2 protein chains.
Amino acid sequence: MSKCESCIVKEFNSLKSLTRQELMRVSACKTGKIYKKGQVIFEEGETLNGVYCVRDGVCKLTKLSENGKNQVVKLVVKGGLLGKRSLVTEQKTNLSAVALNDMEMCFIPKSEIMADLVKNPKFTMDVLKKMANDLKDSDISLVNMAQKSVKRRMAEILIYIYDNFGTNADDYLNIVISREDYASIVGTATESAIRILSQFKKEGLISTKGKQIKIEDYGSLKWIE
Amino acid sequence: MSKCESCIVKEFNSLKSLTRQELMRVSACKTGKIYKKGQVIFEEGETLNGVYCVRDGVCKLTKLSENGKNQVVKLVVKGGLLGKRSLVTEQKTNLSAVALNDMEMCFIPKSEIMADLVKNPKFTMDVLKKMANDLKDSDISLVNMAQKSVKRRMAEILIYIYDNFGTNADDYLNIVISREDYASIVGTATESAIRILSQFKKEGLISTKGKQIKIEDYGSLKWIE
DNA sequence: AGAATTACATGATAAATATCATATTTTAAG
DNA sequence: CTTAAAATATGATATTTATCATGTAATTCT
């Protein structure tokens, strides 16, 4: 397993603000973990005793609603850090994490990283900034959810995935998820999600191959409605 | 104007984690501000050069949606601190703040408080924790917005206001806001908000006197649907 | 106090979305 | 490879919510 000091993945998260010395210490105590598609990384209500650093793959962060449906709150890819909030607040996690494809992660015990959080102001400030940004994103999501139509939200998540996670060689979106997941991101019934994707297909905005989706008309999708 | 060192309001926010010395410095440079009902404290996109500490009154934090409607993201009362995010990220604010009734606030210049944020780990950790909690609340709001009916959301905001901000001597909710604001909190059309409140009234769950609302049947409201 | 503005209320109707039913296709398991 | 299970698709219908219209009550202004 590669050492934290030389790991490029950390460039995308707060760990980059640690000193070389701190990184070596973290590296020594981290453990690598592999998760298969569909596997639960942690469950809402669990006590996390560390943070997870995503080296490869994608996972969804979900929250259970009172009506029993799971809502996807965020997608996390390479470089993402899971469990920041629980690290800071000492509370049980309020989200579940589930692998959307095969994943490779590093687990860093809380005890190790907490010391740095208190002692290294650069690291603390970086975590603080990341958290502030998450909060901003969350506000945006809230407004989208409250004010936009399901069709619009679906178009936006497709654009979001395209912009942030890119496409493979055949131009299909890199992130491949079920219609049920799309429904749970957008906050609608699975059938409604399917219907809207079918409609997009008929209108030539997207095309599909199995679960894979290709964006055919970015502009129209972006400015839909 | 009272000194920060002896101000009880700060007990509700991160300022309580400052040392006596730091508080005296903050106190020396803070300015008091009065806002009338309906007055804009700051507007989305503005550069904030400090944080606001709410001494009295209530304000709403809103975000403009692309469709031109304002969405209320949060209500802030005595003890609340506005502008934390902008302080930390050095970005322009992503929310507007509008007074819902007459307010009394203290404004603390950024320059003064930033030094403490970097030097005082206890203060930094406290801001971090507050931010983490805001994030958790935001996730909950997102799920509510995505998965619950307008009626349910309306019931919940009434319960929320009752639980968090209390009632006056006549048992009417302390926070008095227009139906339009209710609509913008719940994320619905003003007419729909009005209709639902009328329905609640018919069902004996609430009663009203002008804009004031009294919760008559907390239990039924809480478990509605 | 009276006029004007704004907020509240409610009906009628349209549009969006959910739910239930039932095929069909795709994927996974043996 | 075959079969069972799961995911996708689509119709029919019900429910929820938005929009438009119009009237009444409450506030504000002068």
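Here the structure is a predicted model, which means the values were calculated and not measured. Sequence lines set the chain letters: A, B, ... in the order given, protein chains first and strands last, and positions in each chain run from 1.
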**Message:** Without decimals, in angstroms, what is the distance between Leu197(B) CG and dA9(C) P?
**Reply:** 8 Å
**Prompt:** What is the distance from atom CD1 of Ile157(A) to atom OH of Tyr182(A), rounded to the nearest 0.5 Å?
**Reply:** 7.5 Å
**Asked** Is any side-chain N or O of Lys201(A) closer than 4.0 Å to OP1 or OP2 of dA9(D)?
**Response** yes
**Prompt:** Roughly, in whole Å, what's the span from NZ in Lys202(A) to C1' in dG11(D)?
**Reply:** 11 Å
**Asked** How long is the line joining CD1 of Ile194(B) and C1' of dA18(D), in whole Å?
**Response** 13 Å
**Sugar-phosphate, base or nothing in reach of Lys69(A), heavy atoms under 4.0 Å** = sugar-phosphate
**Ser192(A), nearest nucleotide to its side chain (from dT10(D), dA18(C), dA18(D))** = dA18(C)
**Message:** Looking only at the side chain of Thr188(B) (C-beta and beyond, no hydrogens), which of the listed nucleotides dT17(C), dA28(C), dT17(D) gets closest?
**Reply:** dT17(D)
**Message:** If I take atom CG in residue Asn101(B) and atom P in nucleotide dT27(D), what distance separates them, rounded to the nearest angstrom?
**Reply:** 16 Å
**Message:** Let's test your reading of the model: under 3.5 Å, does the base of dT19(D) pair with the side chain of Arg195(B) as donor and acceptor?
**Reply:** yes
**Item:** d(CD, Glu191(B); C1', dT13(C)) in whole Å
**Value:** 13 Å
**Asked** Rounded to whole angstrom units, what separation is found between the CD atom of Glu180(A) and the P atom of dA6(D)?
**Response** 12 Å
**Request:** Could you check how far CD1 of Ile213(B) sits from C1' of dA7(C), rounded to whole Å?
**Result:** 13 Å
**Residue pair Gly187(B) / Arg153(B): nearest heavy atoms and the distance that separates them** = O-NH2, 3.2 Å
**Prompt:** To the nearest Å, how far apart are Gln199(B) CD and dT15(D) P?
**Reply:** 15 Å
**Request:** Looking at every strand, decide which applies to Ser149(B) at a 4.0 Å heavy-atom threshold: base, sugar-phosphate, or nothing.
**Result:** sugar-phosphate
**Message:** Both Lys209(A) and Gly187(A) contact DNA chain C. Taking the nearest nucleotide for each, which residue is further toward the 5' end?
**Reply:** Gly187(A)
**Asked** With side chains defined as the heavy atoms from C-beta onward, is the minimum distance between Ile161(B) and Leu75(B) less than 4.5 Å?
**Response** yes
**Request:** Could you tell me whether the phosphate oxygens of dT27(D), OP1 or OP2, come under 4.0 Å of any side-chain nitrogen or oxygen in Lys211(B)?
**Result:** no
**Asked** Does Lys84(B) reach the side chain of Lys130(B), with side-chain heavy atoms less than 4.5 Å apart?
**Response** yes
**Asked** Ignoring hydrogens and angles, are the base of dT10(C) and the side chain of Arg179(B) linked by a donor-acceptor pair under 3.5 Å?
**Response** no
**Prompt:** Per the side-chain hydrogen bond (donor to acceptor under 3.5 Å, both in side chains) rule, which among Lys202(B), Arg195(B), Glu203(B) passes with Gln199(B)?
**Reply:** Glu203(B)
**Request:** Using a cut-off of strictly less than 4.0 Å, decide whether Ser198(A) has a side-chain nitrogen or oxygen near OP1 or OP2 of dT10(D).
**Result:** yes
